[in-house]
Amino acid sequence: MEKDCLFCNIVKGKTDTRFLLETDEAVVFKDINPHAPVHLLIVPKRHIRSINDLTDEDRPVVAELLMLGKKMARQQGVAEDGYKLLFNVEYGGGQRIFHLHLHLLAGKVW
Ligand code: 5GP
Ligand code: ZN
């Protein structure tokens, strides 16, 4: 838990963000500024800054994020048409919130 981290505060329930799904390891909620009709964020509960900070011990949580991406795509009804699962990595990669998260984007044609 990082005191000033927005996603840590969301994960801890300190905001009014509604979770679409919660597991022991992660939560899923809607992006506040969606770039597609379906735009969800899949966020580990533990604070990890970015993909660059992952260690071998984090393998299970990475697998969990991907499996939740797959599950949420099906739940949102976009699995067959297709979707994007995206990690922005560091500032130059478009990352603006420095708490690891996986974007699920769908519902339009790219
Ligand atoms: P990044 O650019 O770091 O990969 O993605 C951060 C995402 O978090 C952005 O798409 C942004 O719209 C979303 N976001 C920023 N602040 C909030 C918030 O307070 N609530 C929610 N639900 N999403 C947020
Ligand atoms: Zn955090």
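On a predicted model such as this, the values are computed, not experimentally measured, just so you know. Scope of the values below: all heavy atoms of this structure, side chains included, with no hydrogens, waters or symmetry mates. When a ligand or atom number is given, it counts from 1 through the structure's own listing order.
Neither the backbone nor the side chain of Thr17 comes within 4.0 Å of ligand 1, counting heavy atoms alone. Only the side chain of Leu41 comes within contact range of ligand 1, with a heavy atom under 4.0 Å; no backbone atom does. At a heavy-atom cutoff of 4.0 Å, ligand 1 is contacted by the side chain of Phe29 but not by its backbone.
Looking at heavy atoms from C-beta onward, Val43 lies out of side-chain contact with Val28 at the 4.5 angstrom threshold. Side-chain contact between Leu100 and Leu65 is present, with heavy atoms from C-beta onward closer than 4.5 Å. Residues Leu20 and Gln76 form a side-chain contact, since some pair of their non-hydrogen atoms from C-beta on lies under 4.5 Å apart. Residues Gln95 and Ile51 form no side-chain contact, since every pair of their non-hydrogen atoms from C-beta on lies 4.5 Å or further apart.
Checking Asn9, Ile32, Asp31 against atom 17 (C) of ligand 1, the nearest heavy atom belongs to Ile32.
Only protein N, O or S atoms were considered, and those under 2.8 Å from the Zn ion (ligand 2) are Cys5 SG, Cys8 SG, His47 ND1, His99 ND1.
Pairs engaging residues 57-84 under the ring-ring contact (aromatic ring centres under 6.0 Å, His included) rule: none recorded [sequence neighbours left out].
The protein heavy atom nearest to atom 2 (O) of ligand 1 is Gly94 O, 2.8 Å. Of all protein heavy atoms, the one closest to atom 22 (N) of ligand 1 is Lys30 O, 2.8 Å.
A tilted orientation is assigned to the rings of His103 and His39, their planes being inclined by 30° to 60°.
Heavy atoms of other residues, nucleotides or ligands lying less than 6.0 angstrom from CZ of Arg18 number 12 at most. More than 12 heavy atoms of other residues, nucleotides or ligands lie within 6.0 Å of NZ in Lys45, so this atom counts as buried by the packing criterion.
Hydrophobic clustering (side-chain heavy atoms under 4.5 Å, transitive across Ile, Leu, Val, Met, Phe, Trp, Tyr) keeps Leu86 apart from Val38. Hydrophobic clustering (ILVMFWY, side-chain heavy atoms < 4.5 Å, transitive): Leu6 and Val27 are in one cluster. In the hydrophobic clustering of ILVMFWY residues, with side-chain heavy atoms under 4.5 Å counting as a link, Leu21 and Val62 come out together.
Every atom of ligand 1 with a heavy atom of Phe7 under 4.0 Å away is listed here by number and element: 8 (O). For ligand 1, the atoms closer than 4.0 angstrom to any heavy atom of Asn88 are 1 (P), 2 (O), 4 (O). Which parts of ligand 1 touch Asn33 is read off a 4.0 Å heavy-atom cut-off, strictly below it: atoms 12 (O). The ligand atoms of ligand 1 that sit less than 4.0 angstrom from a heavy atom of Leu6 are 16 (N), 17 (C), 18 (C), 19 (O).
At least one heavy atom of His101 sits closer than 4.0 Å to an atom of ligand 1.
Geometrically, ligand 1 and Arg96 share a nitrogen or oxygen pair separated by less than 3.5 Å.
Minimum interatomic distance between Ala106 and Ala36 (heavy atoms only, all atoms of both residues): O-CB, 3.5 Å.
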